[in-house]
Engineer: 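Please read through the structure below; I'll follow up with questions.
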Amino acid sequence: MINQVVKKIIELLPQNTISRGVGVFGRSSISRRIIKPYSKIYRINLDEMNQPLDSYPNFTAFFTRTLKAEARQVAPNPYTLASPVDGKVAEYGDIKEGTLIQAKGIDYRVEQLLGCTKEEAEKFDGGTFLTIYLSPSDYHRIHMPLAGEVTKATYIPGRLFPVNRIGVEHVPGLFTKNERLVTYIDTKAGQVALVKVGAFIVGSVQVPYGNHTTNVKYGKYYTTSVNNAFYEKGEEVGLFEFGSTVVLLFEKDRVKLAKTLQNGTKLKYGEAIGTYDSEDLV
């Protein structure tokens, strides 16, 4: 009964409208007033920020802050995958019969998550996935897990349900209902799909390749090729204008996730999350 009440409340909220409004506020000068209390409440590490706290013109600039170069070390081994974000491991495992398993055994079909055809989704069948949740206290820029060429982007409009544990456990098929921006990357470990999942009060998701953004009024589905967009491992490839979730999909027999990964494991961007076989470099 309680679950149904929570689910109904979440569904009735005008999520996209509220989120766009928060985005407008976050970019206004008056929003500077909440930066200091926010940093205290969420215990933001001020020492790793690239700028002093009082230098940000608005809350969005602070939230999408960059870090000092020495604040993170990207896993140096060329056969090691690096975490693309700061965040917490929500789920991970094998993609079985085109399905990912999330909280409480909820299934997600790859073609639903990626907004692609069943034939295109088969590329990841038998592969591996990793879901990372970014909380309000985390650094919110997104980086390459390994070097590669961005070849395609897909935008899938949708709702903006909360992606925290409450949302995941009370909204069946959450990650296939929320809006998403998918980045496809050709790498020496095969094709990688980097899924950026929009969430409640996320102003937008931004990327450096092409004019792609999310949470736009009357947004429509599209998929488009991307040219001349090679990025090194650890290089920035996007950002969230508030907390959200990243899902990584890898092809079959190409990647082994680190044995240290567990649900709830805290990650920092650049930290090792797995490896791929050097034989793939032929």
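Note: hydrogens, waters and symmetry copies are ignored here, and every other heavy atom, side chains too, is used.
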Engineer: Look at atom CD of Glu97 and say whether more than 12 heavy atoms of other residues, nucleotides or ligands are closer to it than 6.0 Å.
Structural biologist: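 At most 12 heavy atoms, drawn from other residues, nucleotides or ligands, come within 6.0 Å of this atom.
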Engineer: Indicate the atoms forming the closest heavy-atom contact of Phe230 with Ala147, along with that distance.
Structural biologist: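 Looks like CZ-CB, 4.0 Å.
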Engineer: Can you find a pair of side-chain heavy atoms, one from Gln191 and one from Phe124, that are under 4.5 Å apart?
Structural biologist: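 The answer is yes; the side chains approach within 4.5 Å.
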Engineer: Could you walk me through whether Arg141 and Thr64 satisfy the side chain to side chain contact (heavy atoms under 4.5 Å, CB included) test, starting with their C-alpha distance in whole Å, then the side-chain angles of each, then the deciding distance to 0.1 Å, before giving a yes or no?
Structural biologist: CA-CA 7 Å; Arg141 290 181 179 253; Thr64 59; 4.1 Å; yes
Engineer: State yes or no: do Val74 and Ile132 share one hydrophobic cluster built from I, L, V, M, F, W and Y residues joined by side-chain heavy-atom distances below 4.5 Å, directly or via other members?
Structural biologist: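 No.
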Engineer: Taking atom OH of Tyr56 and atom CE of Met49, what is their separation to the nearest 0.5 Å?
Structural biologist: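 Tyr56 OH to Met49 CE: 4.0 Å, rounded to 0.5 Å.
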Engineer: When rounded to the nearest 0.5 angstrom, what is the spacing between CD in Glu236 and OH in Tyr269?
Structural biologist: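 Going from the CD atom of Glu236 to the OH atom of Tyr269 covers 8.5 Å.
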Engineer: Does one hydrophobic cluster hold both Tyr276 and Leu248, with members joined at side-chain heavy-atom distances below 4.5 Å?
Structural biologist: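 Yes.
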Engineer: When you compare the side chain of Tyr231 with that of Val150, does any pair of heavy atoms fall below 4.5 Å?
Structural biologist: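 Yes. Closest side-chain heavy atoms under 4.5 Å.
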Engineer: Nearest 0.5 Å, please: how far is OH in Tyr184 from OG1 in Thr223?
Structural biologist: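 Taking OG1 in Thr223 and OH in Tyr184, the distance rounds to 6.5 Å.
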Engineer: Identify the heavy atoms of Thr80 and Ala272 that sit nearest to each other, and give their distance.
Structural biologist: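 Looks like CG2-CB, 3.5 Å.
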Engineer: Cation-pi check, Arg65 to Phe62: give yes when NZ or CZ is under 6.0 Å from the six-membered ring centre and within 45° of the ring axis, no otherwise.
Structural biologist: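 Arg65 over Phe62 ring: yes.
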Engineer: With the 4.5 Å side-chain cut-off for hydrophobic clustering, are Val110 and Phe129 part of the same group?
Structural biologist: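 Shared cluster, yes.
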Engineer: Less than 4.5 Å apart, any side-chain heavy atom of Asn50 and any of Leu67?
Structural biologist: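 Counting from C-beta outward, Asn50 and Leu67 never come under 4.5 Å.
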Engineer: Could you go through Leu100 and Val247, starting from their C-alpha distance and side-chain angles, then the distance that decides it, and tell me whether this counts as side chain to side chain contact (heavy atoms under 4.5 Å, CB included)?
Structural biologist: CA-CA 10 Å; Leu100 296 76; Val247 185; 4.3 Å; yes
Engineer: Under a 3.5 Å distance rule, please check whether Lys268 uses its side chain to pair with a backbone N or O of Gln73 as donor and acceptor.
Structural biologist: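 Checked: no pair found.
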Engineer: Measuring from Lys152:NZ to Asn227:CG, what's the distance to the nearest 0.5 Å?
Structural biologist: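 Rounded to the nearest 0.5 Å, the NZ-CG separation comes out at 13.0 Å.
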Engineer: Can you spot which of Lys220, Arg180, Glu179 makes a side-chain hydrogen bond (donor to acceptor under 3.5 Å, both in side chains) with Tyr155?
Structural biologist: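 Single side-chain hydrogen bond (donor to acceptor under 3.5 Å, both in side chains) partner of Tyr155 among Lys220, Arg180, Glu179: Glu179.
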Engineer: Run the side chain to side chain contact (heavy atoms under 4.5 Å, CB included) check on Glu111 and Thr117 step by step: do they pass?
Structural biologist: CA-CA 6 Å; Glu111 62 262 33; Thr117 66; over 6 Å; no
Engineer: Minimum heavy-atom separation for Gly270 and Ala82, please, with both atom names.
Structural biologist: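 Closest pair (atom of Gly270, atom of Ala82, distance): O-CB, 3.7 Å.
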Engineer: When you measure from the centre of the six-membered ring of Tyr133, is the NZ or CZ of Lys88 closer than 6.0 Å and no more than 45° off the axis?
Structural biologist: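 Ring-cation test returns no.
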Engineer: Is the CG atom of Asn228 crowded by more than 12 outside heavy atoms at less than 6.0 Å?
Structural biologist: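 Not buried by this count: 12 neighbours or fewer within 6.0 Å.
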Engineer: Are Asp86 and Arg72 within salt-bridge range, i.e. N to O under 4.0 Å?
Structural biologist: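 So Asp86 pairs with Arg72 through a salt bridge.
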Engineer: List the atom of Asp125, the atom of Gly98, and the distance in Å for their closest heavy-atom pair.
Structural biologist: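 For Asp125 versus Gly98, the nearest heavy atoms are OD1-N, 2.7 Å.
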Engineer: Between Leu53 and Ile35, is any pair of side-chain heavy atoms under 4.5 Å apart?
Structural biologist: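 In contact.
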Engineer: Looking at side-chain heavy atoms only, is the closest gap between Lys196 and Ile142 below 4.5 Å?
Structural biologist: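 Answer yes - side chains close enough.
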Engineer: Spell out, yes or no, whether Val207 and Tyr139 are grouped together once hydrophobic residues are joined by side-chain heavy atoms under 4.5 Å, including indirect joins.
Structural biologist: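 No; tracing contacts between hydrophobic side chains, which count when under 4.5 Å, never links both residues.
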Engineer: Without swapping roles, check the side chain of Lys68 against the backbone of Asp47 for a donor-acceptor pair under 3.5 Å.
Structural biologist: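 Checked: pair present.
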Engineer: Which distance, rounded to the nearest 0.5 Å, do you find between the CG of Leu81 and the CD1 of Ile273?
Structural biologist: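 The CD1 atom of Ile273 is 5.5 Å from CG of Leu81, to the nearest 0.5 Å.
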Engineer: Between His143 (side chain) and Pro84 (backbone), is there a donor-acceptor pair under 3.5 Å?
Structural biologist: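 Not confirmed, His143 side chain does not pair with Pro84 backbone.
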Engineer: Given 3.5 Å as the limit, does a donor-acceptor pair link the side chain of Asn77 with the main chain of Tyr79, or not?
Structural biologist: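 Flag set: sc Asn77 to bb Tyr79 pair under 3.5 Å.
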Engineer: Within the distance-only criterion (no hydrogens, no angle test), does the side chain of Glu149 pair as donor or acceptor with the backbone N or O of Ala229 below 3.5 angstrom?
Structural biologist: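 Flag set: sc Glu149 to bb Ala229 pair under 3.5 Å.
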Engineer: If we check side-chain contact (heavy atoms from CB on, under 4.5 Å) with Leu249, which of these qualifies: Leu194, Leu113, Thr128, Val192?
Structural biologist: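 Result for side-chain contact (heavy atoms from CB on, under 4.5 Å) with Leu249: Leu113.
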Engineer: For the ring pair Phe59 and Tyr38, is the centre-to-centre distance below 6.0 Å?
Structural biologist: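 Ring-ring flag for Phe59/Tyr38: true, centres closer than 6.0 Å.
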Engineer: Between Ser137 and Ile44, what is the shortest heavy-atom contact and its length?
Structural biologist: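 Heavy atoms of Ser137 and Ile44 come nearest at O-CD1, 3.4 Å.
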Engineer: Going only through I, L, V, M, F, W and Y residues with side-chain contacts under 4.5 Å, is there a path from Met144 to Leu239?
Structural biologist: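 No, Met144 and Leu239 fall in different hydrophobic clusters.
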Engineer: Flag yes if more than 12 heavy atoms outside Lys266 fall under 6.0 Å of its NZ atom; otherwise flag no.
Structural biologist: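 Atom NZ in Lys266 is packed in, count exceeds 12.
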Engineer: Rounded to the nearest 0.5 Å, what separation is found between the CG atom of Leu46 and the OG atom of Ser39?
Structural biologist: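 Interatomic distance, Leu46 CG to Ser39 OG, rounded to 0.5 Å: 5.5 Å.
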Engineer: Tell me, do Phe240 and Leu134 make a side-chain contact under 4.5 Å, heavy atoms counted?
Structural biologist: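 When only atoms from C-beta onward are counted, Leu134 and Phe240 do touch, with a gap below 4.5 Å.
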Engineer: Stepwise, does the side chain to side chain contact (heavy atoms under 4.5 Å, CB included) test hold for Asp138 with His140?
Structural biologist: CA-CA 6 Å; Asp138 288 318; His140 276 79; 4.0 Å; yes
Engineer: Any side-chain heavy atom of Leu267 within less than 4.5 Å of one from Leu261?
Structural biologist: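 Side-chain contact under 4.5 Å: yes.
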Engineer: Ignoring hydrogens, what is the shortest heavy-atom contact between Glu120 and Cys116? Give both atom names and the distance.
Structural biologist: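 The pair with the smallest heavy-atom distance is OE1-CB, 3.2 Å.
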Engineer: Any side-chain heavy-atom pair from Leu114 and Val195 closer than 4.5 angstrom?
Structural biologist: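 Touching, per the 4.5 Å side-chain cut-off.
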